[in-house]
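Okay, structure first, notes after.
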Amino acid sequence: MYRCSNCGAGMRYDISSKKLKCDYCGSDCPVDDHPLQQAEARRDDYEVMVFSCPQCGGQIRSTDNAATDFCSYCGASVLLEGKLVNEKKPAYIIPFSRTKKECKEIFSQCVQKAWCVPDAYKDPEKLDKFTGIYMPYWVYDVSQHAEPTLKGSRRDGNYVEHCNLSFKIDHNYKYISYDAAAGFSDDLSDVINNYSREDIKDFNSAYLSGFYADSPDVREKTYMEEAANASCDMTMAAVRKEYPGVTIQKVEDPVSEFNAMVENVKEALFPVWFLTWRDKNRVSYAVINGQTAKTAADLPVSLPKFLLFSVLFALPFSVLFYLLPSIHPATTLGIYLVAGIWAILQNNSIAKTYISREAHLTDKGLLLSTESGRKQWNADLERKKAKEAEEKRKREERSKKSKSGSCAVIMIFFISTFVMIFITALLEVYADTLENFLRLLLEYAVPGTAIILSVLILHKLYRKSAQYDLIRTILPDTLFLSVTVAAASVMLLMHPVEDLLYYIASLTVFAGIMIGYLGIFRRFNLSCTRPIPNYHERGNK
């Protein structure tokens with residue numbers, strides 16, 4: 001602990017003055033002038049208290065002897081267990097420059113704009129639990145030394161000039177960063193990772209006074225490929241800026257083309273304000289960049305508020321439909337099927353997001369922190385490479401077979417002409433008015449599309465969600481929605497005589513849509529929360 005030289009009380013790093021400050025006597029001290037820091041500067045390690053959560057096993061570190069009674073990882077109100085250890089120093093640190101007061105105001109403004117957010121996310125007492133944590137990042141230094149030649153084109157009116165851009169690259173990109181904590185989800189860390197590298201300093205444990213720190217449990221080579229690609233993106237951006245009038249073709253393998261190589265990897269601690277909500281066996285997080293105030297949060301939706309705003313939104317349309325003349329029963333069912341198709345598409349989108357989140361497919365750091373995750377990642381990577389190789393082979397075959405682009409133009413002309421003639425014939429034979437033509441679409445195209453989507457999306461979701469618990473969560477409401485839409489579509493294609501059958505089918509589709517949207521709502525909220533972390537299973541951090 002950094003103690004005050006005047007009264008012996010503990011000191012903390014004060015963000016406003018950028019000094020160590022004693023809250024007891026009010027004295028302050030420059031960070032580098034404290035006697036303890038001067039002694040630690042000659043060592044490769046530093047003394048730190050490691051606090052562990054007895055429930056989830058998450059660990060945080062601090063130079064103070066006291067810890068919060070609230071776990072930032074699982075949201076449990078527990079007394080953290082601490083022990084004194086010596087740890088290797090990180091290479092760099094960016095000190096906090098945003099205070100907790102600023103942080104609370106920024107987040108309050110964000111949630112005020114989200115009308116359907118539960119009231120618990122706006123509770124001032126809860127916002128006071130924002131905790132300052134230095135999160136570990138791997139910072140990569142990437143060099144590029146090459147003389148590439150890129151293909152491009154320049155347009156001047158109707159004339160297109162093709163050109164080759166040859167230039168010399170001699171770049172060294174420093175501090176390309178990726179979070180090194182498996183418990184810090186990539187979808188949150190990527191959003192707030194806009195740190196200004198100008199404030200990077202050599203590590204000094206005095207900056208930890210009054211704050212906490214996490215330690216890396218993601219291997220340093222995990223993001224080497226991403227760092228090399230990021231450097232290539234920066235090079236391409238510079239080239240496009242240098243040649244604003246030239247359209248540059250995509251480089252198939254920029255890492256090899258630019259000879260991008262990771263020269264150095266070091267650990268750094270970056271400031272993050274961290275807030276946790278816990279709901280039974282799920283948690284959600286809000287994180288704010290402690291330097292730039294960039295914010296990311298898991299914000300679920302309140303069902304009562306969602307239903308209230310839905311009713312208010314639907315009222316004007318209800319009045320509009322009431323004032324319209326009566327609609328044919330088949331047209332009514334067709335309209336419901338259109339709504340059913342939209343519900344199926346939305347269900348597919350939310351289900352894919354939920355599956356990816358639960359299987360950690362979007363969190364490379366967490367996925368590669370376990371042996372099973374590494375096997376899954378490597379298998380997916382091999383499938384992706386095989387697919388890309390197959391697509392490349394097909395492109396090459398097509399380029400060899402096609403003698404010129406005129407054949408494609410002629411084919412497009414004849415196909416478009418045929419489609420126009422076909423549509424005109426349908427209009428002349430089946431539709432005297434626009435209403436009849438729309439009825440034709442609703443009675444044939446809509447049910448056919450609904451049947452195809454119902455079967456394909458069910459099959460796609462079943463294959464993607466290989467885990468039983470994911471299938472169990474997704475299947476019931478998805479199956480009900482797809483079956484009701486498909487069954488009603490088949491009935492519409494059969495053209496029954498009795499109007500009552502159309503209205504019964506419409507009510508069935510309506511029930512399917514309601515149950516489907518409740519499933520969509522539930523999965524959206526699940527995708528905005530995360531399972532409680534269990535660091536015990538990963539052997540701690």
Side-chain angles (χ1 to χ4, degrees), residues 1-53 58-72 79-105 127-137 195 198-215 267-275 288-293:
M1 175 181 286
Y2 284 81
R3 296 193 177 277
C4 177
S5 56
N6 291 332
C7 66
M11 304 186 77
R12 62 174 179 83
Y13 177 70
D14 181 60
I15 297 175
S16 301
S17 63
K18 302 184 185 305
K19 294 181 179 181
L20 289 173
K21 185 175 182 179
C22 176
D23 291 327
Y24 189 77
C25 68
S27 61
D28 56 24
C29 169
V31 170
D32 295 327
D33 292 348
H34 194 279
L36 180 59
Q37 173 54 36
Q38 294 175 4
E40 283 189 353
R42 298 187 292 269
R43 299 166 50 185
D44 293 331
D45 60 356
Y46 70 109
E47 196 174 74
V48 64
M49 288 291 296
V50 177
F51 297 96
S52 302
C53 173
Q59 294 181 348
I60 54 175
R61 288 144 174 78
S62 178
T63 55
D64 299 335
N65 292 332
T68 178
D69 58 354
F70 179 84
C71 178
S72 298
L79 182 63
L80 303 184
E81 304 166 350
K83 62 179 179 179
L84 189 64
V85 299
N86 286 335
E87 289 204 345
K88 183 181 178 181
K89 291 181 180 178
Y92 309 111
I93 190 171
I94 295 180
F96 273 90
S97 56
R98 297 282 185 165
T99 64
K100 179 187 281 193
K101 181 179 179 181
E102 291 179 284
C103 168
K104 290 162 59 177
E105 291 175 352
L127 298 186
D128 198 51
K129 290 186 177 291
F130 263 110
T131 303
I133 302 178
Y134 283 99
M135 300 303 295
Y137 279 75
Y195 293 93
E198 297 177 357
D199 292 338
I200 287 184
K201 303 178 182 296
D202 291 335
F203 177 76
N204 187 328
S205 63
Y207 291 114
L208 269 60
S209 298
F211 299 96
Y212 300 98
D214 201 346
S215 60
E267 180 191 349
L269 294 179
F270 291 170
V272 177
W273 286 104
F274 213 93
L275 184 60
I288 298 180
N289 186 312
Q291 180 200 38
T292 64

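Throughout, numbering of the chain's residues begins at 1 and tracks the sequence. As a basis for the values below, the full set of heavy atoms in this structure was taken, side chains included, without hydrogen atoms, waters or symmetry mates. Please read all numbers here as calculations on a predicted model, not as lab measurements.
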Practice prompt. Mind running side chain to side chain contact (heavy atoms under 4.5 Å, CB included) on L208 and I93 for me, showing each step along the way?
Written response: CA-CA 10 Å; L208 269 60; I93 190 171; 3.8 Å; yes
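Counting heavy atoms from C-beta outward, I60 and S72 have side chains that stay 4.5 Å or more apart.
For Y137, the ring-ring contact (aromatic ring centres under 6.0 Å, His included) criterion is met by Y195, F270, not counting sequence neighbours. Residues forming a side-chain hydrogen bond (donor to acceptor under 3.5 Å, both in side chains) with E47 (at least two apart in sequence, or on another chain): none. The salt bridge (charged side-chain N to carboxylate O under 4.0 Å, His left out) test applied to D44 returns no partner, not counting sequence neighbours. Applying the salt bridge (charged side-chain N to carboxylate O under 4.0 Å, His left out) rule to K129 yields no partners; only residues at least two apart in sequence or on another chain are considered. Judged as a side-chain hydrogen bond (donor to acceptor under 3.5 Å, both in side chains), and not counting sequence neighbours, the contacts of D128 are K104. Here D32 pairs with nothing under the salt bridge (charged side-chain N to carboxylate O under 4.0 Å, His left out) rule; sequence neighbours left out. Residues passing the side-chain contact (heavy atoms from CB on, under 4.5 Å) test with E102, sequence neighbours excluded: R98, T99. Every residue was checked against the side-chain hydrogen bond (donor to acceptor under 3.5 Å, both in side chains) condition with D33, not counting sequence neighbours, and none meets it. Y207 pairs by the ring-ring contact (aromatic ring centres under 6.0 Å, His included) definition with Y13, not counting sequence neighbours. When the salt bridge (charged side-chain N to carboxylate O under 4.0 Å, His left out) test is applied to D45, the partners found at least two apart in sequence or on another chain are R43. Taking T63 as the reference, S209 meet the side-chain hydrogen bond (donor to acceptor under 3.5 Å, both in side chains) condition, with sequence neighbours excluded.
If you take CG on D199 and OH on Y92, they are separated by 15.0 Å, rounding to the nearest 0.5 Å. To the nearest 0.5 Å, atom NZ of residue K83 and atom CD of residue Q59 are 6.5 Å apart. In this structure, CG in L269 is found 11.5 Å from CD1 in I133, a value given to the nearest 0.5 Å. For the atom pair CD (Q291) and CD1 (I200), the distance works out to 8.5 Å, reported to the nearest 0.5 Å.
Here salt bridge (Lys or Arg N to Asp or Glu O under 4.0 Å) pairs that include residues 2-22, with residues two or more places apart or in two chains, are R12-D14, R12-D23.
Screening M135, K88, R61 for a side-chain contact (heavy atoms from CB on, under 4.5 Å) involving S215 leaves a single residue, R61. The side-chain contact (heavy atoms from CB on, under 4.5 Å) test with Y2 is passed by exactly one of C29, C22, S205: S205.
The two atoms that bring P90 and Y46 nearest to each other are CD-CE2, 4.1 Å, heavy atoms only. Between S62 and F51 the shortest heavy-atom distance is CB-CE1, 4.1 Å. Residues D214 and P136 approach most closely at CB-CD, 3.5 Å, considering heavy atoms. Considering every non-hydrogen atom in both I94 and P271, the closest pair reads O-CD, 3.1 Å. Residues V31 and A206 come closest through the heavy atom pair CG1-CB, 3.6 Å. When every heavy atom of C25 is checked against every heavy atom of N6, the shortest pair comes out as SG-CB, 4.2 Å.
Relative orientation of the F211 and Y134 rings is perpendicular, given thresholds of 30° and 60° on the angle between their planes.
Without hydrogens or angle criteria, K100 side chain to F130 main chain gives a donor-acceptor distance under 3.5 Å. Using a distance-only test at 3.5 Å, with no hydrogens or angles considered, no donor-acceptor pair links the side chain of Y24 to the main chain of G8.
Ring centroids of Y212 and F274 are separated by 6.0 Å or more, keeping the two rings apart.
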